[in-house]
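Heads up, the thing below is written out as structure tokens.
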Amino acid sequence: NTAVGCGVAAVENIAALVNDVSASAGLSQQALNKGHYKFGDMSGMLVCDVMHSSGSESLTDKALANGEQLFVSSNVTVISILGKIMVVSDIPALYVAGTPNKTKVLSITAGGIVVSNSGDIITNMETTNGQTRIETTWQADYTFGLSLKGYAWDVANGGASPLDAELFTGTNWDIAVTSNKHSLGTLTVANADL
């Protein structure tokens with residue numbers, strides 16, 4: 001949830017990487033295609049679409065209606081978006097309640113989002129006497145790293161040990177590449193109710 005939330009915040013902050021059709025349309029293969037082509041000739045680098053279940057449901061409904069005659073009964077593929085892997089998860093950053101409700105699809109490149117374990121686990125065990133029973137507590141803490149391809153964390157704005165509120169603020173992620181096509185991916189935003 002945190003990694004995708006950070007990816008959505010970072011990409012959403014770069015208008016040239018966002019295809020927002022939420023004012024007039026629901027999620028469709030055409031909207032995703034236009035989102036992918038925010039990468040232009042490098043759209044083939046996008047390998048995965050991460051979406052909320054509301055987006056997946058919309059795509060499935062439209063595919064089953066088969067309005068464009070995309071398949072016949074001997075060759076049925078309900079959803080295939082340019083051969084990209086589709087991950088469906090109700091991650092909070094992929095759905096925004098409002099007027100209209102919005103569903104978001106984060107299209108990412110290989111290695112676009114990397115979560116790493118710093119391996120710095122710190123543990124402490126404490127035993128306390130003087131209660132009805134002897135009480136022992138054990139606590140552990142650790143850190144992990146998050147890398148977003150093409151973005152740098154802005155420590156001056158977001159802090160050195162950010163919480164979710166800072167991580168999910170797009171202006172805390174600075175674009176660090178000369179071409180947007182070398183970043184983690186694109187974002188498609190659609191009306192979740194259509």
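Only this structure's heavy atoms are used, side chains among them; waters, hydrogens and symmetry mates stay out.
The two residues Trp153 and Gly159 make their nearest non-hydrogen contact at NE1-O, 2.8 Å. Taking every heavy atom of both residues into account, Ser183 and Leu17 meet most closely at OG-CD1, 3.6 Å. The two residues Ser54 and Ala192 have their closest heavy-atom pair at OG-CB, 4.2 Å. Smallest separation of non-hydrogen atoms from Val18 and Glu12: CG2-CA, 3.8 Å. Across all non-hydrogen atoms, the minimal contact from Phe144 to Val115 is CD1-CG1, 3.8 Å. Residues Asn191 and Pro100 share a closest heavy-atom pair of ND2-CB, 3.3 Å.
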Next item on the list: Show your reasoning for whether side chain to side chain contact (heavy atoms under 4.5 Å, CB included) applies to Lys104 and Thr188.
Entry: CA-CA 6 Å; Lys104 299 178 180 181; Thr188 300; over 6 Å; no
Check: For Val4 and Leu94, what are the C-alpha separation, side-chain angles and deciding distance, and is it a side chain to side chain contact (heavy atoms under 4.5 Å, CB included)?
Finding: CA-CA 8 Å; Val4 170; Leu94 297 175; 4.1 Å; yes
Next item on the list: Could you please spell out the steps behind the side chain to side chain contact (heavy atoms under 4.5 Å, CB included) verdict for Asp41 and Lys181?
Entry: CA-CA 9 Å; Asp41 62 346; Lys181 297 176 187 180; 2.8 Å; yes
Margin query: One pair to check against side chain to side chain contact (heavy atoms under 4.5 Å, CB included): Val11 and Leu106. What are the steps and the verdict?
Written below: CA-CA 8 Å; Val11 174; Leu106 183 63; 4.0 Å; yes
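The closest donor-acceptor contact from the side chain of Glu166 to the backbone of Leu163 lies under 3.5 Å. No donor-acceptor pair under 3.5 Å is formed between the side chain of Lys38 and the backbone N or O of Asn19. At least one donor-acceptor pair closer than 3.5 Å links the side chain of Ser28 to the backbone N or O of Ala31. A distance-only check finds a donor-acceptor pair linking the side chain of Ser58 to the backbone of Leu27 [under 3.5 Å]. Side-chain atoms of Trp173 come within 3.5 Å of backbone N or O of Leu167 as a donor-acceptor pair. At distances below 3.5 Å, not a single donor-acceptor pair connects side-chain atoms of Thr103 with backbone N or O atoms of Tyr95. Under a 3.5 Å cut-off, the side chain of Ser56 and the backbone N or O of His52 do not form any donor-acceptor pair.
Residues Thr186 and Tyr37 form no side-chain contact, since every pair of their non-hydrogen atoms from C-beta on lies 4.5 Å or further apart. Put simply, the side chain of Glu135 does not reach to within 4.5 Å of the side chain of Glu126, judged on heavy atoms. Looking at Lys84 and Leu46, their side chains come closer than 4.5 Å, going by heavy atoms from C-beta outward.
Residue Ile113 is grouped with residue Ile85 when hydrophobic side chains (ILVMFWY) are merged at heavy-atom distances under 4.5 angstrom, including chains of intermediate members. Hydrophobic cluster membership is shared by Ile14 and Val189, with clusters built from Ile, Leu, Val, Met, Phe, Trp and Tyr side chains linked at under 4.5 angstrom.
Thr143 pairs by the side chain to side chain donor-acceptor pair (under 3.5 Å) definition with Ser118, Asp120, not counting sequence neighbours. Residues that satisfy the side-chain contact (heavy atoms from CB on, under 4.5 Å) test with Thr178, not counting sequence neighbours, are absent from this structure. Every residue was checked against the ring pair (Phe, Tyr, Trp, His ring centres under 6.0 Å) condition with Phe39, not counting sequence neighbours, and none meets it.
More than 12 heavy atoms of other shown residues, nucleotides or ligands fall within 6.0 angstrom of atom CE in Met42. Counting heavy atoms of neighbouring residues, nucleotides and ligands inside a 6.0 Å radius, atom CD1 of Ile121 exceeds 12 of them.
For the residue pair Asn101 and Asp193, a side-chain donor N or O sits within less than 3.5 Å of a side-chain acceptor on the partner.
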